[in-house]
Amino acid sequence: MSLPLVAPLFPAGREPLPPGYTEEDRASMLQAKKYQNYMTAGMESCLAKTTIAGVGGFAIGGFFSMMSASFAYEDPLLRQNLNNTQKTVEIFKDMGRNMWRSGKGFGKVGALFAGIECVIESYRARNDMVNPVAAGFVAGGVLARNSGPRGVLGGGLAFAAFSAAIDLFLRREPADDD
């Protein structure tokens, strides 16, 4: 007998199947669900978030440096004793060094901010505007640690303000086009 307004209870692994699936499909669905749970747990970990932010920051930093290399002023007297092939090799080596340096910087900032934000979010068990602002303040202070106490405070405040602005932009409600 089913009770009105009460959800039915099923034993684990014996829930009703979606339409179009048979009992033979149940094992493969349970296996897929298990792997989906593993992936979800991995993506919610601070280590994964920090790694993804670091690698993404490295890639974006390298890309920005590569794009800005096309605007770099090349002194014609700097490499006048080299032929065209040697000049090209030198320019690409210089571009690679700049891409590496810029990528490391962007990756460090991205990983630092994402890791701190994830730890704060895990500790507070909330996802609100306080997390990115606090993470920005701490990350800005860490990045400006060699500038003295005023530099740490200024770096923290500037990074917190930037983090707040970006997060407010990303959390805004989309405009209704009615």
Side-chain angles (χ1 to χ4, degrees), residues 12-13 15 18 26-73 89-176:
E15 298 90 358
R26 185 179 294 278
S28 64
M29 286 180 63
L30 290 175
Q31 184 76 11
K33 179 68 175 158
K34 182 174 82 171
Y35 289 130
Q36 181 182 359
N37 290 341
Y38 289 155
M39 292 300 292
T40 301
M43 289 306 296
E44 289 176 355
S45 74
C46 288
L47 180 64
K49 289 179 181 180
T50 302
T51 303
I52 289 169
V55 170
F58 182 82
I60 287 180
F63 179 75
F64 284 167
S65 179
M66 183 179 68
M67 290 295 110
S68 67
S70 64
F71 300 112
Y73 174 72
V89 168
E90 287 297 317
I91 288 171
F92 276 115
K93 281 183 182 179
D94 189 42
M95 186 171 65
R97 282 189 295 269
N98 290 338
M99 286 173 62
W100 178 257
R101 188 176 334 116
S102 180
K104 281 192 324 184
F106 272 73
K108 179 175 74 169
V109 170
L112 181 68
F113 176 78
I116 293 170
E117 183 182 24
C118 185
V119 168
I120 291 173
E121 185 176 325
S122 298
Y123 179 75
R124 294 185 66 234
R126 290 191 193 116
N127 186 356
D128 57 8
M129 280 296 298
V130 174
N131 298 338
V133 172
F137 183 78
V138 173
V142 169
L143 291 171
R145 68 189 178 276
N146 295 333
S147 301
R150 290 181 70 192
V152 168
L153 182 65
L157 290 174
F159 207 125
F162 180 73
S163 299
I166 295 295
D167 216 60
L168 282 172
F169 176 76
L170 293 177
R171 290 178 188 252
R172 76 186 189 291
E173 292 291 324
D176 290 335

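The basis for the numbers below is simple: all heavy atoms, side chains too, and nothing from hydrogens, waters or symmetry mates. Only a predicted model underlies this, so the values are computations on that prediction, with no experimental measurement involved.
For A160 against V133, the heavy-atom pair with the smallest separation is CB-O, 3.5 Å. Residues G42 and S45 come closest through the heavy atom pair O-OG, 2.8 Å. G155 and A144 make their closest contact through CA-CB, 4.3 Å (heavy atoms, listed as atom of the first residue, atom of the second, distance). G136 and S163 make their closest contact through CA-OG, 3.6 Å (heavy atoms, listed as atom of the first residue, atom of the second, distance). A111 and G54 make their closest contact through CB-CA, 3.8 Å (heavy atoms, listed as atom of the first residue, atom of the second, distance).
A donor-acceptor contact shorter than 3.5 Å links the side chain of R26 to the backbone of E15. Without hydrogens or angle criteria, S65 side chain to G61 main chain gives no donor-acceptor distance under 3.5 Å. The backbone N or O of V142 sits less than 3.5 Å from a side-chain atom of R145, completing a donor-acceptor pair. A donor-acceptor pair is defined here as one N or O able to donate and one able to accept, closer than 3.5 Å; such a pair exists between the side chain of R172 and the backbone of F169.
In this structure, the separation between CD1 on I120 and CD on E117 is 7.5 Å, given to the nearest 0.5 Å. Taking CD1 of I60 as the start and OG of S102 as the end, the distance is 10.5 Å to the nearest 0.5 Å. Atom-to-atom distance recorded for Q36:CD and M39:CE is 10.0 Å, nearest 0.5 angstrom. To the nearest 0.5 Å, the span separating CE on M129 from CZ on R171 amounts to 6.5 Å. Rounded to the nearest 0.5 Å, atoms CD (E90) and CE (M95) are 13.0 Å apart. Once rounded to the nearest 0.5 Å, the distance linking CZ of F92 with CE of M99 reads 10.5 Å.
Annotation for R150: atom CZ does not count as buried by contact number, only 12 or fewer foreign heavy atoms lying within 6.0 Å. Within 6.0 Å of NZ on K108 lie no more than 12 heavy atoms contributed by other residues, nucleotides or ligands.
Taking the six-membered ring for Trp and thresholds of 30 and 60 degrees, F113 and F159 have nearly parallel ring planes, at less than 30 degrees apart.
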| query | Given L153 and F137, is the side chain to side chain contact (heavy atoms under 4.5 Å, CB included) satisfied, shown in steps? | reply | CA-CA 8 Å; L153 182 65; F137 183 78; 4.0 Å; yes

| request: Take F58 and F63 through the side chain to side chain contact (heavy atoms under 4.5 Å, CB included) test and state the conclusion after the steps. | output: CA-CA 9 Å; F58 182 82; F63 179 75; over 6 Å; no

| message | With side chain to side chain contact (heavy atoms under 4.5 Å, CB included) as the criterion, how do I52 and M43 come out once you've worked through the C-alpha distance, each side chain's angles and the decisive distance to 0.1 Å? | response | CA-CA 9 Å; I52 289 169; M43 289 306 296; 3.3 Å; yes

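For the residue pair N131 and R126, no side-chain donor N or O sits within less than 3.5 Å of a side-chain acceptor on the partner.
In this structure, F64 has its ring center closer than 6.0 angstrom to the ring center of F106.
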